[in-house]
Structure formats: C-alpha cells, structure tokens
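In this text the structure is predicted, and so the values were computed from the model without any measurement.
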Amino acid sequence: MAKRDQHYENAFQDYLRSRGIPYVSVNEHRQAIFAGRKIKSFDFLVYPGGSRHWIVDVKGRHFPYLDPTGSKRCWENWVVEEDLRGLQEWEAVFGDDFAGYFLFAYLLLEPEKRRPSGQPHVFGGHEYVFWAVRSEDYEQHCRKRSTRWGTVSVPTRLFRDIALPVEALLP
C-alpha cells in the first residue's frame, strides 16, 4: 500500500502539544515483533490523565469525502482489518491500564454549518476535528467493506453513536 499522508498525524500531535497532553509518538516504519510475531504498529501512546491511557491509531479522512462518482460522503471510517487486530493485540500486551482507539482526524472541507461537532484545530492552515472510537466498540459494529482490500467500516448512524469528539474523552 502507498505511504499515507502524515499531516493527519502531525495535526493530532500538534493538538496534543497545544493542550499539554503527554504522549509518545511511535515510529510506524518499523513493525514491532512481540512474543515472536509481528504486530501492526500504532501511532501514539497518549497519557490524558484519568485511569486509562490510550493506544492510538490515527486514520485521516476528508470531511466530506468525494467518492469516485463525485458524490459527497460524510463520516468515512473504514479501517484495514490488520489495524483492528493490531490495536487489540497491543491492548492485551499493555494490559488494563490502556485502551485502544481509532482516532479519526477529519480534514474539514465544508462551510461551518455542515461540519461535525467538536472544536476545530488549526494546523498547517487547515482545520481538523478529531473523533475517537474504542477498538472494541468498532469491532462490535463493523462490517466487511472490501474483501479485496481487507477493510471494514461501521455504518454512519452507528459510528456517530459510538464515536466521540476527542475532547469529550479528556478529563
């Protein structure tokens, strides 16, 4: 697969820095080997305060997204099945003090009235909102999107029920 743009991760990192939230950025270019097997890397360990730390896999998406037919689609939330398995495996490795999250960094492309809720974060001259969903909630509601690409997604209505603006998760 092609290397994805890093501006989404950079925007989230800037968000964390601007709020003084401790984190560790992970080098994704090296796949970790734990207990003799490879596990898909995540992007950040976040220490937001409170009882649980976050294992974060950032997924960058446009809001809205123009599909190949030119139609606008909102709340794109597909992930590769390997990413889901990887987050679950890292949760088991780190233990009960950590929770796996998909962090959807939405690059806002529409006027304000059509945007998802959440305080926009400006980075690199663009506005982003960050929505998070627990990996276990995502797994419970996801459906196969593409067998060829090994992707799954959550139907939009369900996604909006299980995901939250990241600021709602902060103490």
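- The ring of W75 has its center closer than 6.0 angstrom to the ring center of F63.
- Taking E76 as the reference, R73, R145 meet the salt bridge (charged side-chain N to carboxylate O under 4.0 Å, His left out) condition, with sequence neighbours excluded.
- Within the 4.5 Å cutoff, no side-chain heavy atoms of D43 are placed close to those of V26.
- The side-chain heavy atoms of F104 and F159, taken from C-beta on, include a pair separated by under 4.5 Å.
- Panel note: side chain R52, backbone F98; a donor-acceptor pair is recorded below 3.5 Å.
- The ring pair (Phe, Tyr, Trp, His ring centres under 6.0 Å) test with F130 is passed by exactly one of Y106, W54, Y15: Y15.
- Put simply, CG on D57 and CZ on F44 are 10.5 Å apart, with the number rounded to the nearest 0.5 Å.
- Scanning all heavy atoms of the two residues, the minimum distance from P120 to V129 falls at CA-CG1, 3.9 Å.
- The heavy-atom pair separating Y138 from V152 by the smallest distance is OH-O, 3.2 Å.
- One distance of note links CD of E139 with CG of L87; it measures 11.0 Å at 0.5 Å rounding.
- Looking at R61, its side chain does come within 3.5 Å of a backbone N or O of W78 through a donor-acceptor pair.
- The nearest pair of heavy atoms linking W90 to S41 is NE1-CA, 4.2 Å.
- The closest side-chain heavy-atom distance from L107 to H7 is below 4.5 Å.
- Using a cut-off of 4.0 Å between Lys/Arg side-chain N and Asp/Glu carboxylate O, E81 and K144 are scored as salt-bridged.
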What do the steps show when you test L103 against K59 for side-chain contact (heavy atoms from CB on, under 4.5 Å), and what is the final call?
-> CA-CA 6 Å; L103 187 290; K59 301 297 174 195; over 6 Å; no
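- Atoms CD1 and CD, on I39 and Q88 in that order, are 11.5 Å from each other to the nearest 0.5 Å.
- Around CG of D96, the count of heavy atoms belonging to other residues, nucleotides or ligands within 6.0 Å does not exceed 12.
- Checking side-chain atoms of E127 against main-chain N and O of L108 turns up no donor-acceptor pair under 3.5 Å.
- Shortest non-hydrogen contact noted between L164 and A168 is CB-CB, 4.4 Å.
- Residue pairs meeting the side chain to side chain donor-acceptor pair (under 3.5 Å) criterion with at least one member in residues 154-171, sequence neighbours excluded, do not occur.
- Ring planes of Y8 and H62: tilted class, angle from 30 to 60°.
- A side-chain donor from one of R17 and Y23 sits under 3.5 Å from a side-chain acceptor of the other.
- Exactly one residue among Q140, H141, R143 makes a side chain to side chain contact (heavy atoms under 4.5 Å, CB included) with V154. That residue is H141.
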Please step through side-chain contact (heavy atoms from CB on, under 4.5 Å) for the pair H53 and L45, ending with a clear verdict.
-> CA-CA 7 Å; H53 313 302; L45 289 175; over 6 Å; no
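- Cluster annotation: V122 is not connected to V166 through the hydrophobic network of ILVMFWY side chains, with a link wherever side-chain heavy atoms come within less than 4.5 Å.
- Put simply, the side chain of L16 does not reach to within 4.5 Å of the side chain of P48, judged on heavy atoms.
- Put simply, the side chain of W131 gets close to the backbone of S117: a donor and an acceptor are under 3.5 Å apart.
- Interatomic distance, OG of S135 versus OH of Y101, reported as 9.0 Å (0.5 Å rounding).
- The shortest distance between side-chain heavy atoms of S71 and Y65 does not fall below 4.5 Å.
- Note: N77 CG to F102 CZ = 10.0 Å, rounded to the nearest 0.5 Å.
- With hydrogens and angles ignored, the 3.5 Å screen pairs a side-chain donor or acceptor of T151 with a backbone N or O of S146.
- Between F123 and H121, the ring planes are parallel. Angles under 30° get that label, and only those over 60° would be called perpendicular.
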